Amino acid sequence: MLTRARELLGCHLVGHGATVMITEVEAYDGVNDPASHAFTRTPRSEIMYGPPMRLYVYRLHGHHCANVVTGPTESASAVLIRAGRIVDGVDTARERRLSARDDDALARGPGNLTQALGITIEDLGTDLRDPSPVTLRPAGAAIDAARILSGPRVGVRRAAEQPWRFWLADEPSVSAYRRHPRAGEANSSSSTSSSNS
DNA sequence: GTTTAGATCAACT
DNA sequence: GTTGATCTAAACG
């Protein structure tokens, strides 16, 4: 599972006229991962239980995040594409990401990456192997294992201690680690029904 | 029960 | 100012 995530580093993700080289990913281990949307099997997460090499897109803060279903079919494993470096279609990416000041920030962060590639909820379930607006291509050159770093995932509350984030050293497009404010807290559902004073 | 839309807020640039 | 596998609430089946 973690190997799949590492293998995605350096691959080219083509989306609606723009191409990025993946530089940062996070692995999500489906049924065994509380942070995964597939932790509970629902019709919505069914896509991740399906065949690999498909796209799972979900909405977050009004933006979108893109995942690659990696399989095997029953484990619902998926890899979140967190960041990438634009290698083609820079003009298109810039038009979509007007707020980005530097080219390195065009696809820095999952929401920005999907926006730069024009990936929306309509691309959900796209087969990345078929010729489609969104395609995943193998890495042009093998990535040196020494360049791959790992660490805890960004912004997750559940299972925040799992070092399932991988990124390429020497890449300015990789975002910095940010811990979730409430990560590790006890799940105290007991609402302290704080009546107004 | 699940899904979608909007709010929230700390860390980043 | 921007971003975001969070959080809550409302709509749906």
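All values reported here derive from a predicted model rather than from experimental measurement. Below, read A as the first sequence line, B as the second, and so on, with proteins coming before strands; counting in each chain starts at 1.
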Could you state the [atom1]-[atom2] distance from [X] to [N], rounded to the nearest angstrom?
| X | N | atom1 | atom2 | answer |
| --- | --- | --- | --- | --- |
| A/His180 | C/dT3 | NE2 | P | 18 Å |
| A/Arg97 | C/dG1 | CZ | C1' | 13 Å |
| A/Glu24 | B/dC12 | CD | P | 13 Å |
| A/Tyr177 | C/dA5 | OH | P | 12 Å |
| A/Arg179 | B/dC9 | CZ | P | 18 Å |
| A/Asp29 | C/dA5 | CG | C1' | 14 Å |
| A/Arg178 | C/dA5 | CZ | C1' | 13 Å |
| A/Asn112 | C/dA5 | CG | P | 11 Å |

Next item on the list: Can you tell me which stems involve DNA chain C, if a stem is defined as three or more consecutive Watson-Crick or G-U wobble pairs, both distances under 3.5 Å?
Entry: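 Result, WC/G-U stems under 3.5 Å: B:1-7 with C:6-12, B:9-12 with C:1-4.
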
Next item on the list: Could you check whether A/Arg153 gets within reach of a base, just the sugar-phosphate, or nothing at all, counting any heavy atom under 4.0 Å?
Entry: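 A/Arg153: no heavy atom of the nucleic acid under 4.0 Å.
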
Would you mind telling me which of [options] lies closest to the side-chain atoms of [X]?
| X | options | answer |
| --- | --- | --- |
| A/His63 | C/dA5, B/dT13, C/dT3 | C/dT3 |
| A/Asn67 | B/dG6, C/dA5, B/dT13 | C/dA5 |
| A/Tyr28 | C/dT3, B/dA7, C/dA5 | C/dA5 |

Notebook entry, point to check: Which pair of heavy atoms, one from A/Ala169 and one from A/Leu149, lies closest together, and at what distance?
Noted result: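 So the two residues come closest at CB-CD1, 3.8 Å.
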
Check: Which of these passes side chain to side chain donor-acceptor pair (under 3.5 Å) with A/His16: A/Asp123, A/Thr120, A/Thr92?
Finding: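 One option only clears the test, and that one is A/Asp123.
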
Would you tell me whether [X] and [Y] have side-chain atoms, one donor and one acceptor, within less than 3.5 Å of each other?
| X | Y | value |
| --- | --- | --- |
| A/Ser175 | A/Glu24 | yes |
| A/Thr126 | A/Ser132 | no |
| A/Thr135 | A/Arg137 | no |

Next item on the list: From the options A/Thr114, A/Leu55, A/Val14, select the one residue that forms a side-chain contact (heavy atoms from CB on, under 4.5 Å) with A/Val134.
Entry: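 So the option named by the test is A/Leu55.
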
Tell me whether [X] contacts the main-chain N or O of [Y] through its side chain, where contact means a donor paired with an acceptor under 3.5 Å.
| X | Y | result |
| --- | --- | --- |
| A/Ser36 | A/Asp33 | no |
| A/Arg82 | A/Gly111 | no |
| A/Gln115 | A/Arg96 | yes |

Next item on the list: Start with the C-alpha distance between A/Leu113 and A/Ile81, add both sets of side-chain angles, then the distance that settles side-chain contact (heavy atoms from CB on, under 4.5 Å), and finish with yes or no.
Entry: CA-CA 8 Å; A/Leu113 182 136; A/Ile81 309 301; 3.8 Å; yes

Does [N] have OP1 or OP2 under 4.0 Å away from a side-chain N or O of [X]?
| X | N | result |
| --- | --- | --- |
| A/Ser175 | B/dA11 | no |
| A/Arg108 | B/dC12 | no |
| A/Arg82 | C/dA5 | yes |

Item checked: Under 4.0 Å protein heavy-atom contacts per nucleotide of nucleotides 8-13 of chain C, with B for base, S for backbone only and - for none -> ------

Check: For DNA chain B, whose closest nucleotide is more 5', that of A/Val174 or that of A/Pro181?
Finding: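 The residue whose closest nucleotide sits nearer the 5' end is A/Pro181.
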
Next item on the list: Could you tell me the separation between the CZ atom of A/Arg41 and the CE atom of A/Met48, rounded to the nearest 0.5 Å?
Entry: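 Nearest 0.5 Å value for the CZ-CE distance: 11.0 Å.
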
Check: Using a heavy-atom distance cut-off of less than 4.0 Å, which residues of residues 38-58 of chain A contact DNA chain C?
Finding: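 Those residues whose heavy atoms fall under 4.0 Å from DNA chain C, taken from residues 38-58 of chain A in numerical order, are A/Tyr56, A/Tyr58.
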
Note to self: Regarding B/dG6, can its base be found pairing with the side chain of A/Arg59 as donor and acceptor, where the two atoms are less than 3.5 Å apart?
What the structure shows: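 Side chain to base: pair present.
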
Note to self: Please report whether the ring centroid of A/Tyr58 lies less than 6.0 Å from that of A/His37.
What the structure shows: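 So the answer is yes for these two rings.
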
